[in-house]
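FYI, side chains are in, hydrogens and waters are out, and symmetry mates aren't considered; it's all heavy atoms of this structure. Residue numbering restarts at 1 for every chain, and letters A, B, ... go by the order of the sequence lines.
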Amino acid sequence: MNAAPSSVVTRFAPSPTGFLHIGGARTALFNWLFARHHGGKFRLRIEDTDRKRSTQEAIDAILDGMRWLGLDWDDDVVFQFSRAEHHAELARRLLADGKAYRCYASPEELEEMRALARAEGRPMRYDGRWRDRDPAEAPPGVDPVIRLKMPQAGETEIEDLVQGPVTVANDQLDDMVLLRADGTPTYMLSVVVDDHDMGVTHVIRGDDHLTNAFRQTQLYRALGWEPPAFAHIPLIHGADGAKLSKRHGALGVEAYRDMGYLPAALRNYLLRLGWGHGDDEIISTEQAIGWFDLDGVGKSPARFDFVKLDNLNGVYMRETDTAVLLDAVRPIIEAKMERKLSTAAAARLERGMEGLRARAKNLVELAENAMFYVIDRPLPLNAKAEKILKDEARQRLGRLQAALSVIEEWSEPALESAVRAFVESEGCKLGDAAQPLRAALSGSNTSPGIFEVMDILGREECLARIADQACTA
RNA sequence: GACCCCUUCGUCUAGUGGCCUAGGACAUCGCCCUUUCACGGCGAAAACACGGGUUCGAGUCCCGUAGGGGUCGCCA
C-alpha cells in the first residue's frame with residue numbers, strides 16, 4: 001500500500017453523507033491537478049466511518065460526479081470503515097506506549113465542562129481529568145474512550161503550502177478522542193492512519209480542516225510518523241459572501257450537469273476560483289496540468305458567481321465539437337418530447353447544431369432552442385412570434401410563400417436572393433419579411449440565421465410551416 | 001467568547017518595494033456589425049477596507065482598528 005516516498009500522492013476523501021458538492025469538487029480538482037502536474041498519484045478514499053449517515057447512494061453520487069468531471073483516480077478506492085480494526089489496533093498501541101489513556105468522563109460531564117467553559121469565557125476544551133488518574137478509580141460499568149496525550153506546553157507549527165507558517169499554542173489543543181467507547185475509531189485517528197498507509201504526501205483540503213492539522217500533526221508524531229505537507233485552500237462562499245448554502249449553488253455536481261453545464265467549463269471555472277495564472281481565463285485541462293501549483297492558490301475565500309460560469313460555459317459550448325454536443329443534447333430533447341427522434345429530425349438537428357451552439361450558453365438552452373427543428377407542425381407560437389404575425393405579416397407571408405414555392409434550387413444563397421428580390425418587390429425592409437418568416441418557421445422571435453434555418457428545414461417543411469401561418473386572402 | 005486565517009473594481013483575479021497614471025476577465029453602460037438572438041469589434045465607468053509607522057519611494061513590509069471567514073463533538 002505504500003508508494004515510493006519521492007513521488008507525489010494526493011487524495012480526495014469525502015464522507016458519503018450526501019452528493020459531491022461544488023466545494024468538494026474543487027478540492028478534488030486541485031488534488032487531481034497537483035498529482036497530475038507532478039506525475040504522481042491521485043487517490044480516492046471514502047470516509048464512511050459514520051455508519052448512521054453514510055449511504056450507498058451518496059457513494060455512487062460521488063463516484064459519478066468525479067467521473068463526470070473527468071477526475072480519474074489511481075488505484076482502488078479505499079473505504080475507511082473497512083480499515084477500522086487496524087485503526088483501533090494503533091490506538092491500543094498508543095495506549096500501551098503511554099501516549100494515550102482511557103477516559104471515563106461521561107457525555108454529561110463533558111457537556112458540563114463545556115457549559116462551564118462557555119460561562120467563564122474560556123475556550124471549550126476537555127480538561128484532561130483522566131490523563132494522569134489511576135485507572136483503578138474508573139467508575140464501574142463505564143466503557144472508556146481512548147484519548148491522545150497531547151503536549152501541554154509549547155506550540156505546534158505547520159508549514160502550510162497555501163496559508164504559510166501557522167502556529168498554535170499547545171494549550172489550545174485538548175486531548176482528542178482516538179477510540180470511541182464502542183471501540184470504533186474517530187475521524188482524527190482514521191485520517192492520519194489512512195493518509196500514512198496510502199502514502200499520501202500532500203494533503204490538500206478545505207480551510208475548515210486547518211485546525212485539525214495541528215492535532216493531526218501531534219498524532220503523526222505520537223505514531224512515530226512524518227506528517228505530510230498540508231495545503232488548506234479557502235472555502236467557496238455564496239454570492240453574498242456568506243457560507244455557501246444550497247441557495248448559493250452548494251449543489252451536487254449532478255445538478256450542474258442537469259442545468260446543462262459542460263464538465264470542461266465547470267472545471268475551468270472552479271480552477272479560476274481561488275487560483276490564477278497571470279491574465280489567463282480560458283485554460284485547457286492540459287494547460288492546467290502544466291501550470292497548476294499551490295503557491296498560485298489565494299488565501300481568501302472566493303464567491304461563487306453563476307454569471308461568470310454561464311459565460312465560460314458559453315465559450316466552451318462554442319468550442320465543443322458539434323458531434324459531442326449533439327450526443328449530449330439529443331437525450332434532453334427526447335426526454336422533452338417523450339419519444340425518440342425520427343431519422344429526419346435527427347438529421348436536421350445535426351445540421352442545425354453549428355448555428356444553434358453559438359446562441360446557447362448551456363445544453364438545456366441548446367435543447368430548447370433546437371426544438372423547432374424536430375417538432376411536428378403545426379408549430380406552437382410563443383408570445384413574441386404571435387406579436388410578429390399580425391395580419392399584414394401573414395398576408396406578406398402568403399405572397400412570400402408563392403414566391404418561394406417556385407424557387408428552383410433550395411439552398412442558402414438561392415433562398416437569400418429570392419427573399420431579397422421579394423423584399424425589393426414589396427418595397428419593404430428585409431426584416432419585414434425575415435421576422436414573420438422566422439416566427440412561422442421557428443415559432444419564436446429568435447433563431448439562427450433564417451436562410452440557414454430554411455435550408456435545414458427543407459423546401460417541403462418550410463412551405464408547409466409558412467402555409468400554416470400565411471393568410472392568402 | 002477563545003484561538004487561527006483573510007481583506008485590490010459589483011464578482012473572479014494580476015500585482016512579491018520603483019515597470020501602477022493599479023492590468024485582465026465576467027457583469028454593467030455606449031457605439032459598431034446585423035433579418036432576430038447570440039457571437040465578434042471598439043470604447044466608458046469601476047478597486048488597493050481604514051489609521052499609523054518603516055523607507056528616498058508602499059497595493060506590495062510592520063503595528064493597530066474595522067469587517068469577513070474558519071475551528072472549538074465519543075461528526076467527518
Could you write out each protein N or O paired with an N or O of nucleotides 58-60 of chain B at a distance under 3.5 Å?
none

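- Nucleotides B/rU54 and B/rG10, compared at atom C1', are 34 Å apart to the nearest Å.
- B/rU21 and B/rA46 have their C1' atoms separated by 16 Å, given to the nearest Å.
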Restricting to nitrogen or oxygen on both sides, can you table the protein-nucleotides 46-51 of chain B pairs closer than 3.5 Å?
none

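- Under the salt bridge (Lys or Arg N to Asp or Glu O under 4.0 Å) criterion, the residue pairs touching residues 363-375 of chain A are A/Lys336-A/Glu368, A/Lys361-A/Glu365, with sequence neighbours excluded.
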Within the sub-3.5 Å range, which N or O atoms of nucleotides 20-27 of chain B have a protein N or O partner, and how far apart are they?
from	atom 1	to	atom 2	distance (Å)
B/rG23	N2	A/Asp279	OD1	3.0
B/rG24	N2	A/Arg272	NH2	3.4
B/rG24	N2	A/Glu281	OE2	2.7
B/rA25	O4'	A/Glu281	OE2	3.4
B/rA25	N3	A/Lys308	NZ	3.0
B/rC26	O3'	A/Asn311	ND2	3.2

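- Donor-acceptor pairing under 3.5 Å, judged by distance alone, is absent between the side chain of A/Arg318 and the base of B/rC39.
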Give the intermediate values and the outcome of salt bridge (Lys or Arg N to Asp or Glu O under 4.0 Å) for residues A/Arg83 and A/Asp194. CA-CA 8 Å; A/Arg83 300 178 34 81; A/Asp194 286 346; 2.5 Å; yes
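- With the nearest nucleotide of RNA chain B identified for both A/Gln435 and A/Asp208, A/Gln435 has the one nearer the 5' end.
- Of the charged side-chain nitrogens involved, at least one lies within less than 4.0 Å of a carboxylate oxygen, so that A/Asp174 and A/Arg215 count as a salt-bridged pair.
- The environment of A/Arg459 atom CZ is dense: over 12 non-hydrogen atoms of other residues, nucleotides or ligands sit within 6.0 angstrom.
- Comment: A/Arg420 engages A/Glu416 in a salt bridge, judged by a side-chain N to carboxylate O separation of less than 4.0 angstrom.
- Side chain to side chain, A/Tyr269 and A/Asp305 fail the donor-acceptor criterion of an N or O pair below 3.5 Å.
- In this structure, A/Pro228 and A/Val200 approach most closely via the heavy-atom pair CB-O, 3.7 Å.
- Taking atom OH of residue A/Tyr269 and atom P of nucleotide B/rU13, one finds them 8 Å apart after rounding to whole Å.
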Restricting both atoms to N or O, compile the protein contacts to nucleotides 61-63 of chain B shorter than 3.5 Å, with distance only.
none

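- Applying the salt bridge (Lys or Arg N to Asp or Glu O under 4.0 Å) definition to pairs two or more places apart or across chains, those involving residues 382-402 of chain A are A/Glu386-A/Arg394, A/Glu392-A/Arg396, A/Arg396-A/Glu426, A/Arg399-A/Glu426.
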